[in-house]
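Down below is the structure, laid out as structure tokens.
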Amino acid sequence: MSDLVLRYISIVLIYLICFISPLIPGFPQQEPAHGNAYTVVFFATLIIVLLLLIPERKLERGPVASVGESIAWAICGVFLLFVLQIITALINSIILGQPMKSEHTQDVVGLARSAPLFILTASIIGPMLEEIVFRKIFFGSLKKKIGFFFAALISSLVFAAFHFDFSHLLIYFVIGFFLCYVYHKTGRIVVNMFMHAAMNAVVVLISMNVQIPSTPGWIHLF
């Protein structure tokens with residue numbers, strides 16, 4: 001097993017531990033301590049993950065988009081993400097009969113209201129870690145073995161399921177698939193990080209300024 005594979009496995013395991021850390025005995029359960037502690041865990045996880053990825057810089061990279069093309073994808077991609085959200089939310093509600101509002105999004109917004117520091121996790125840290133785990137590692141590794149389509153299909157299903165919001169599985173899957181496509185086209189995970197973080201930041205800003213029952217049903221945190 002190569003050093004890179006071991007590093008990728010370590011990153012995934014560390015991310016899983018971070019994700020389930022609130023279940024560990026002794027983890028604060030009352031707000032705002034819960035949200036603040038979760039943010040510290042996420043931040044520490046991001047630092048460790050980035051340190052584990054440092055040796056990869058020495059490896060030969062595949063083809064990447066130009067800086068100009070990458071910036072265009074990063075900016076236009078944010079708007080496309082919202083368009084996809086609206087379209088899939090309508091399909092999910094009108095055709096599949098699922099509720100418009102996302103319990104996952106409302107839970108995260110509720111946590112951010114109780115512990116404002118958690119806004120950093122929802123808007124920046126979380127999206128960065130998700131792009132590393134689900135797009136760079138999971139999708140990127142699968143693509144080398146089974147090609148773009150099936151790699152994007154599988155990684156997007158896992159990404160969607162990981163949000164534990166199964167009435168909105170279609171929405172998370174479509175967003176995940178699109179983010180796989182962007183990474184496939186640009187070869188730059190930083191583009192995905194910007195898009196994902198920008199989208200979540202906008203959703204948080206909108207949601208934090210309205211009452212939870214009035215939170216727009218077509219916007220979701222990913």
Side-chain angles (χ1 to χ4, degrees), residues 1 3-57 102-142 154-166 168-169 171-173 175-176 179-180 183 189-201 203-204 207-208 220-222:
M1 188 177 293
D3 178 68
L4 180 61
V5 172
L6 286 174
R7 287 177 180 276
Y8 278 1
I9 292 174
S10 298
I11 287 171
V12 172
L13 291 176
I14 291 169
Y15 176 74
L16 288 174
I17 293 172
C18 167
F19 189 79
I20 66 171
S21 59
L23 301 177
I24 298 174
F27 195 93
Q29 298 300 321
Q30 301 297 318
E31 300 301 345
H34 176 81
N36 291 337
Y38 211 9
T39 298
V40 171
V41 171
F42 261 90
F43 181 73
T45 300
L46 178 62
I47 296 300
I48 295 171
V49 167
L50 292 177
L51 289 174
L52 285 171
L53 288 175
I54 287 177
E56 190 174 336
R57 295 181 180 179
S102 163
E103 288 187 12
H104 168 73
T105 298
Q106 295 190 51
D107 288 344
V108 172
V109 171
L111 186 55
R113 289 179 186 275
S114 302
L117 187 63
F118 189 73
I119 294 173
L120 290 174
T121 297
S123 301
I124 301 174
I125 303 173
M128 289 178 68
L129 283 171
E130 287 185 344
E131 290 309 313
I132 291 171
V133 171
F134 292 105
R135 252 65 69 179
K136 181 177 180 60
I137 295 178
F138 201 1
F139 165 71
S141 299
L142 283 175
I154 294 171
S155 62
S156 298
L157 283 172
V158 175
F159 172 70
F162 219 74
H163 286 79
F164 294 96
D165 189 1
F166 297 105
H168 296 85
L169 196 68
I171 302 172
Y172 292 103
F173 171 79
I175 294 299
L179 287 169
C180 286
Y183 184 47
I189 198 63
V190 67
V191 173
N192 283 60
M193 289 178 175
F194 176 84
M195 290 169 53
H196 196 157
M199 177 183 65
N200 273 22
V203 173
V204 169
S207 301
M208 290 288 286
H220 299 74
L221 284 165
F222 293 89

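In this chain, residues are counted from 1 in sequence order. Both backbone and side-chain heavy atoms feed into the values below; hydrogens, waters and symmetry mates do not.
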Applying salt bridge (Lys or Arg N to Asp or Glu O under 4.0 Å), which residue pairs with at least one partner in residues 7-30 are found, sequence neighbours left out? D3-R7
F134: what forms a ring-ring contact (aromatic ring centres under 6.0 Å, His included) with it, not counting sequence neighbours? F159, F162
Considering all heavy atoms, the nearest A122-V204 contact: CB-CG2, 4.1 Å
List in chain and number order the residues that pass side chain to side chain contact (heavy atoms under 4.5 Å, CB included) with M193, two or more places apart in sequence or in another chain; answer none if no residue qualifies. M128, E131, I132, I189
Just verifying a value: how many Å separate I119 CD1 and R113 CZ, rounded to the nearest 0.5 Å? 9.5 Å
Partners passing side chain to side chain donor-acceptor pair (under 3.5 Å) against S155 (at least two apart in sequence or in another chain): none
To the nearest 0.5 Å, what is the distance between CG (L46) and CG (L51)? 9.5 Å
Heavy-atom closest contact (F27 atom, V41 atom, distance): CE1-CG2, 4.0 Å
Check residues 8-20 and write down every donor-acceptor pair under 3.5 Å in which the side-chain atom is one partner and the other belongs to a residue at least two apart or another chain.
from, atom 1, to, atom 2, distance (Å)
Y8, OH, E56, OE1, 3.1
Y8, OH, E56, OE2, 3.0
S10, OG, L6, O, 2.8

Could you check whether any side-chain heavy atom of L120 comes within less than 4.5 Å of a side-chain heavy atom of F43, counting everything from C-beta outward? no
Taking every non-hydrogen atom, the tightest pair across F118 and G35: CD1-O, 3.7 Å
Write down the atom of C180, the atom of R135, and the distance for their closest heavy-atom approach. SG-CD, 3.7 Å
Check the pair K136 / L53 against side-chain contact (heavy atoms from CB on, under 4.5 Å), numbers first and verdict last. CA-CA 11 Å; K136 181 177 180 60; L53 288 175; 4.0 Å; yes
Do the non-hydrogen side-chain atoms of L169 and F166 ever get within less than 4.5 Å of each other? yes
Do H168 and T105 come close enough that some side-chain heavy atom pair is under 4.5 Å? no
Inter-residue atom distance I137.CD1 - L4.CG, 0.5 Å rounding: 8.5 Å
Side chain to side chain donor-acceptor pair (under 3.5 Å): which pairs involve residues 25-51, sequence neighbours left out? T39-T121
Gap between atom NE2 of H163 and atom CG of D107 - 0.5 Å precision: 12.5 Å
Quick check: do H104 and F164 have side-chain heavy atoms less than 4.5 Å from each other? no
Counting C-beta onward and ignoring hydrogens, is there a side-chain heavy-atom pair between F138 and V133 closer than 4.5 Å? no
